[in-house]
Amino acid sequence: MSDAQPVTGPDLAQGVALDQFADGAMLAGHVGEDAVLLARRGDEFFAIDAKCTHYGGPLAEGLMVDDTVRCPWHHACFSLRTGEALRPPALAPVSCWSTNVREGKVFVGAKKASQATIGIAPVQPRKIVIVGGGAAGFAAAQMLRQSGFDGGLVMVSDDDAPPVDRPNLSKDYLAGTAPEEWIPLRDDAFYREQRIDLRLATRVAAIDVKARRVVLDGGSALEWDRLLLATGAEPVHLRLPGIELPHVFTLRTLADSRAIIARAAKATRAVVMGASFIGLEVAASLRARGIEVHVVAPEKRPMERVLGPQLGEFVRGLHEEHGIVFHLEDTATAIDAREIVLKSGGKLAADLVVAGVGVRPRLELAEAAGLAIDRGVTVDEYLETSTPGIFAAGDIARWPDPHTGAAIRVEHWAVAQRQGQTAARNMLGAREKFDAVPFFWSQHYDVPINYVGHAEAWDDIAVEGDIGKRDCVLRYRHKGRVLAVASIYRDIDSLDAEAAMERELAAHA
């Protein structure tokens with residue numbers, strides 16, 4: 001998703017001196033016109049594409065863990081041996097090159113044929129149905145085929161668009177700096193080639209657990225041997241006068257983002273209701289389009305509940321630097337064609353309104369089917385629900401998180417993808433526990449905020465660096481234990497924190 005750039009660094013085909021390339025080192029260079037990463041692990045040398053297949057992040061600036069490399073931007077992970085994308089948000093592998101050592105140097109040779117592994121599924125269900133066309137559903141469908149599943153595979157989505165890069169809908173695409181061709185996760189040919197029966201604009205009416213059927217609107221049904229529920233979440237719809245007016249929007253789908261873009265073309269003043277991550281990303285994107293933006297939210301500081309007061313104050317100041325006007329500790333009580341009425345008694349002119357006050361998991365199907373529900377669909381460590389053969393992943397799943405020791409549900413894009421992949425392998429008999437460290441990122445103008453772990457509450461926040469200078473790490477601790485880490489322009493620290501949480505879990509396994 002990044003424009004081609006001229007290759008830089010040394011010509012790796014000419015060799016790199018071994019005495020200048022220490023164990024654990026990574027070097028970005030090139031072979032001909034290809035940008036290549038050379039990595040050393042002991043006496044082994046690996047050469048792969050230098051850029052992440054997600055957004056083109058520079059892998060040489062990432063972290064090597066054993067025989068893998070992790071992207072500094074969004075924590076995708078690749079095998080140095082095979083180039084395989086081991087962890088989303090990257091879903092495509094990187095290429096590999098041959099290496100050889102002679103005369104005190106390591107040389108990078110020719111590009112290898114694809115080495116991505118094709119798994120052999122221990123179980124081969126006859127037919128698998130996935131309900132939901134978001135991050136978890138797509139990642140599951142792709143992983144099923146990669147893992148050797150050869151049976152019938154149907155993905156049912158009530159969206160009109162195929163699976164898309166949802167984080168971009170509130171970021172670069174909405175801001176007008178990313179073309180629409182970046183948005184689909186795969187083109188139509190992918191679904192044909194992988195024999196994924198993608199049924200768009202199709203609503204599931206019910207799940208018949210006893211008959212193992214998914215009943216669609218209109219009465220037709222799909223049989224399944226394994227079922228994945230990945231219905232995701234939907235925006236919270238406020239109940240106040242004027243919420244249904246044509247200039248009032250929520251943002252969840254590609255159609256929503258397109259509609260906001262179309263309205264923004266003729267708008268001069270917008271109001272965003274809600275200071276959530278999505279709300280503020282929308283605010284930043286609309287500012288990039290030259291629109292005056294006001295944000296109305298009930299909290300004292302933006303995102304304080306998740307990031308704490310220090311980072312919340314920074315986020316507020318950052319947006320104010322870019323012209324955002326906040327109306328905090330306030331809410332809207334009514335909307336008309338020209339303005340919003342506030343609970344405080346004030347009024348704000350607005351010809352574009354976006355309600356970004358949060359989302360709620362779509363649990364109706366699961367609940368009606370009799371699955372165990374606890375503020376989400378209850379799943380075990382393998383992401384299987386209370387009904388054998390039915391799995392759940394993504395925004396709806398509440399799973400036993402081994403890092404916190406509690407059952408949690410999060411609404412993170414990367415988590416949904418990783419759960420989709422794990423659920424897919426488990427539907428094929430893998431019995432793989434889902435124990436990934438939660439991760440998300442948020443972009444505000446040119447400032448990225450990365451967050452690893454999960455902290456619903458904390459005793460203190462240890463700040464390293466300078467938040468105001470956009471160079472910091474914040475560690476959220478409870479009883480002395482770090483539960484989560486947020487960072488700004490400290491990519492390696494963020495990756496190190498993730499790896500440390502994984503090591504802590506492994507030590508107690």
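Note that the coordinates shown come from a computational prediction; the quantities given were computed from them, not determined experimentally.
There is a side-chain donor-acceptor pair under 3.5 Å between H294 and R269. Donor-acceptor pairing under 3.5 Å is recorded for the side chains of Y55 and N168. Donor-acceptor pairing under 3.5 Å is recorded for the side chains of Y173 and E180. Remark: the T268 side chain and the D351 side chain contain an N/O donor-acceptor pair separated by less than 3.5 Å.
Here F190 pairs with F138 under the ring pair (Phe, Tyr, Trp, His ring centres under 6.0 Å) rule; sequence neighbours left out. Judged as a side-chain hydrogen bond (donor to acceptor under 3.5 Å, both in side chains), and not counting sequence neighbours, the contacts of R316 are E320. The side-chain hydrogen bond (donor to acceptor under 3.5 Å, both in side chains) test applied to R338 returns no partner, not counting sequence neighbours. Looking at residues two or more places apart in sequence or on another chain, you find no side-chain hydrogen bond (donor to acceptor under 3.5 Å, both in side chains) involving E339. The side-chain hydrogen bond (donor to acceptor under 3.5 Å, both in side chains) test applied to Q421 returns no partner, not counting sequence neighbours. Partners of H322 according to the ring pair (Phe, Tyr, Trp, His ring centres under 6.0 Å) rule, which considers only residues two or more places apart in sequence or in another chain, are Y445. With sequence neighbours excluded, no residue satisfies salt bridge (Lys or Arg N to Asp or Glu O under 4.0 Å) with E367. Residues that satisfy the ring pair (Phe, Tyr, Trp, His ring centres under 6.0 Å) test with H454, not counting sequence neighbours, are absent from this structure. Taking the ring pair (Phe, Tyr, Trp, His ring centres under 6.0 Å) definition, one finds that W413 meets it with nothing, sequence neighbours left out.
No side-chain heavy atom of V156 sits under 4.5 Å from any side-chain heavy atom of I130. Under the 4.5 Å side-chain criterion, counting only non-hydrogen atoms from C-beta, R481 is in contact with E504. When side chains are defined from C-beta on, R145 counts as touching L153, because their heavy atoms get closer than 4.5 Å. In this structure, the side chains of L174 and S257 come closer than 4.5 Å at one or more pairs of heavy atoms. Between L144 and I128, the closest side-chain pair of non-hydrogen atoms falls below 4.5 Å.
To the nearest 0.5 Å, atoms OH (Y451) and OG (S487) are separated by 11.5 Å. Atoms CZ and CD, on R287 and E292 in that order, are 7.5 Å from each other to the nearest 0.5 Å. With rounding to the nearest 0.5 angstrom, the OG1 atom of T387 is 4.5 Å from the CG atom of L371.
Between A85 and A92 the shortest heavy-atom distance is CB-O, 3.5 Å. Between L307 and A486, the closest heavy-atom pair is CD2-CB, 4.5 Å.
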Please tabulate, one pair per line, all N/O donor-acceptor pairs under 3.5 Å involving side-chain atoms of residues 224-234, not counting sequence neighbours.
from: D225; atom 1: OD2; to: R126; atom 2: N; distance (Å): 3.0
from: D225; atom 1: OD2; to: K127; atom 2: N; distance (Å): 2.8
from: R226; atom 1: NE; to: M427; atom 2: O; distance (Å): 3.4
from: T231; atom 1: OG1; to: R362; atom 2: O; distance (Å): 2.9

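Other residues, nucleotides and ligands contribute more than 12 heavy atoms inside 6.0 Å of the CD atom of E321.
Within the structure, no pair that satisfies the ring pair (Phe, Tyr, Trp, His ring centres under 6.0 Å) test touches residues 345-367, not counting sequence neighbours. Screening residues 393-408 for side-chain hydrogen bond (donor to acceptor under 3.5 Å, both in side chains), with sequence neighbours left out, gives R252-D395, D401-T404.
Taking the charged nitrogens against the carboxylate oxygens, D158 and R203 have no contact shorter than 4.0 Å, which rules out a salt bridge.
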Evaluation steps, side-chain hydrogen bond (donor to acceptor under 3.5 Å, both in side chains), between E281 and H444:
CA-CA 6 Å; E281 287 174 357; H444 302 261; 4.8 Å; no
